[in-house]
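The analysis underlying the following values was restricted to heavy atoms, covering all of them including side chains, and did not include hydrogens, waters or symmetry mates. Count residues from 1 along the sequence. Counting convention: from 1, in listed order, for ligands and their atoms alike.
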Amino acid sequence: MNKIHKINKIPPPIAILNSKNLLSIEGMNKLEINSLLDRADYFADLDPLKIIKTLNGYVILNVFFENSTRTRVSFELAGRRLGAEVINISVDKSSIKKGESLLDTANTLSAMKPNLLIVRHPESGAPKLFSDYLNCSIVNAGDGRHEHPTQALLDALTIRRRLGRIEGLKIAICGDILNSRVARSNIHLLTTLGVEVRCIAPPTLMPKSLKNLGVNCFNSLKDGINNVNAIMLLRLQSERMSGTESPSKREYYRFYGLDEEKLSMAHHDAVIMHPGPMNRGVEIASSLADNEDRSLIKTQVEIGVAIRMATIEAVYNAQK
Ligand code: NCD
């Protein structure tokens, strides 16, 4: 069972965003991030049946140009819990062409007069392009290798609820950092909130520019997780690899897969996280994935709904 250190009694205000869009964590300040975490923390403890449906008539289009299970469903659930109408649009990969056709899609969607588009796209920058051309709000649900802002927010709240704080923690992000939008959003968020971030990856999956982001880089998992409070594992995103950088799964597990022995190098209370979908026996030993004392993987999914509620409500408020 996860310990909940703090239960808010007085509802915190609707989160304050400096924009009507949520495109990236980069550029957000501490205040914006913490206001989203506080509001979502409150939603996470609320009985869904008691939530006041303040977004009646608000139209959300969930536009996914890439497959997704948890992100799409949790945005849908979050919108519905607030009373909004949510329509899911899965766009066939074959219809994606760059440039004009994306703008054509944007214009078609805009003709339906939505209030909010939630966009997942394989190209970095697609949600920003949508926001440049459309009047409605845009929330980025993951764009290429760029960012996945709500994933980083839900990760942070999951950690805060379990460990009681974020500032001052040591957190390792381990795996295919090169291809991971989750890693990029987490690096921006965690460094903004005062975390010592350690990035661990094989040399071929470690971006050269990482050190400019204020993190420490390690090629050895055992060195990188020494005394950390949390370990975030990442999937080998072979769909974004060119071939040369792809290690064999067996070799990867040997050096970078988290098992009991490697975990013993971390802080004795360290928690394990993974944004999913996870590959047992590649990024993580199956027994650790199911170890509810250490693994927060299921809690991450649960907190995802609360974070997306706080996000939808905040962009709605910023539009007024
Ligand atoms: C991640 C994504 O799509 O970026 N998944 C998620 O949203 N929960 C990570 C991944 O695909 O490995």
Side-chain angles (χ1 to χ4, degrees), residues 22-26 40 62-79 88 90-91 93 96 118-128 139-159 171-190 199-202 205-207 230-241 245-247 249 252-253 256-258 272-284 289 295-309 311-312:
L22 179 60
L23 301 176
S24 61
I25 298 290
E26 186 177 15
N62 238 343
V63 193
F64 278 62
F65 294 84
E66 254 186 12
N67 293 340
S68 165
T69 315
R70 62 217 94 208
T71 306
R72 189 187 57 72
V73 173
S74 65
F75 267 115
E76 181 176 357
L77 202 53
N88 292 312
S90 299
V91 188
K93 277 199 182 122
I96 305 175
I118 294 166
V119 181
R120 168 168 286 196
H121 199 283
E123 299 285 337
S124 302
K128 166 83 173 72
V139 169
N140 180 3
D143 61 331
R145 296 183 175 93
H146 175 227
E147 281 225 30
H148 192 349
T150 56
Q151 179 69 42
L153 288 160
L154 77 87
D155 289 343
L157 182 57
T158 304
I159 293 169
I171 298 181
I173 304 176
C174 174
D176 180 4
I177 294 177
L178 182 70
N179 295 299
S180 175
R181 52 200 178 201
V182 174
R184 233 161 303 282
S185 287
N186 264 311
I187 289 169
H188 288 300
L189 189 148
L190 296 171
C199 288
I200 306 164
L205 297 175
M206 183 81 88
I231 305 151
M232 297 176 164
L233 300 167
L234 300 170
R235 184 175 63 88
L236 285 174
Q237 291 144 95
S238 41
E239 73 277 18
R240 300 200 180 93
M241 292 181 193
E245 71 224 28
S246 168
K249 288 186 176 160
Y252 182 85
Y253 183 65
Y256 296 97
L258 191 66
I272 305 164
M273 303 172 70
H274 195 306
M278 74 176 154
N279 294 299
R280 292 166 185 264
V282 183
E283 298 104 56
I284 183 167
S295 162
L296 299 184
I297 297 170
K298 270 208 297 214
T299 314
Q300 287 172 271
V301 179
E302 190 187 318
I303 296 301
V305 179
I307 281 290
R308 283 153 186 147
M309 287 173 71
T311 301
I312 292 170

Kindly confirm or rule out a cation-pi arrangement of R308 over F75, judged by NZ or CZ under 6.0 Å from the six-membered ring centre and within 45° of its axis?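 Geometry flag: set, cation within 6.0 Å and 45°.
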Should P277 be counted as touching ligand 1, given the test is an N or O pair under 3.5 Å?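 Between P277 and ligand 1, no N or O pair is found under 3.5 Å apart.
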Short N or O distance, E239 and ligand 1, threshold 3.5 Å exclusive: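 It does not: no N or O of E239 is found under 3.5 Å from an N or O of ligand 1.
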Qualifying residues under side-chain hydrogen bond (donor to acceptor under 3.5 Å, both in side chains), relative to S180, sequence neighbours excluded: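 Result, side-chain hydrogen bond (donor to acceptor under 3.5 Å, both in side chains) vs S180: none returned.
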My understanding is that only residues two or more places apart in sequence, or in another chain, count here; which of them pass side-chain hydrogen bond (donor to acceptor under 3.5 Å, both in side chains) with N62?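 By the side-chain hydrogen bond (donor to acceptor under 3.5 Å, both in side chains) rule, N62 matches N88.
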Ignoring hydrogens, just give me the one of P275, G304, G276 whose non-hydrogen atom is nearest atom 5 (N) of ligand 1.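 Closest candidate by heavy-atom distance is G276.
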My understanding is that we take every heavy atom of each candidate and find the minimum distance to atom 4 (O) of ligand 1. Doing that for R72, R181, R145, E283, which one comes out nearest?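 Looking at heavy atoms only, R181 sits closest to atom 4 (O) of ligand 1.
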Quick one: which ligand 1 atoms are inside 4.0 Å of a heavy atom on [X]?
{"X": "V182", "answer": "1 (C), 4 (O), 9 (C)"}
{"X": "H148", "answer": "2 (C), 4 (O), 6 (C), 7 (O)"}
{"X": "R235", "answer": "10 (C), 11 (O), 12 (O)"}
{"X": "T71", "answer": "6 (C), 7 (O), 8 (N)"}

So, does E66 sit close enough to ligand 1 that a heavy atom of it is under 4.0 Å from the ligand?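 Heavy atoms of E66 never come under 4.0 Å of ligand 1.
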Measure the distances from the heavy atoms of G142 to every atom of ligand 1 and state whether one is below 4.0 angstrom.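 It does not, in that no heavy atom of G142 comes within the 4.0 Å cut-off of ligand 1.
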If we ignore hydrogens and angles and just use 3.5 Å, is the side chain of R145 paired with the main-chain N or O of R240 as donor and acceptor?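 Yes.
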Using only atom types and a distance under 3.5 Å, with no angle test, would you say the side chain of D143 pairs donor to acceptor with the backbone of E147?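 Judged by distance alone, yes, a pair lies under 3.5 Å.
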Side-chain ion pair, E26 and K128, N-O less than 4.0 Å: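 No, this pair does not count.
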Just checking, is any N or O donor in the side chain of R235 or H274 under 3.5 Å from an acceptor N or O on the other one?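 Not at all, the side chains of R235 and H274 share no donor-acceptor pair under 3.5 Å.
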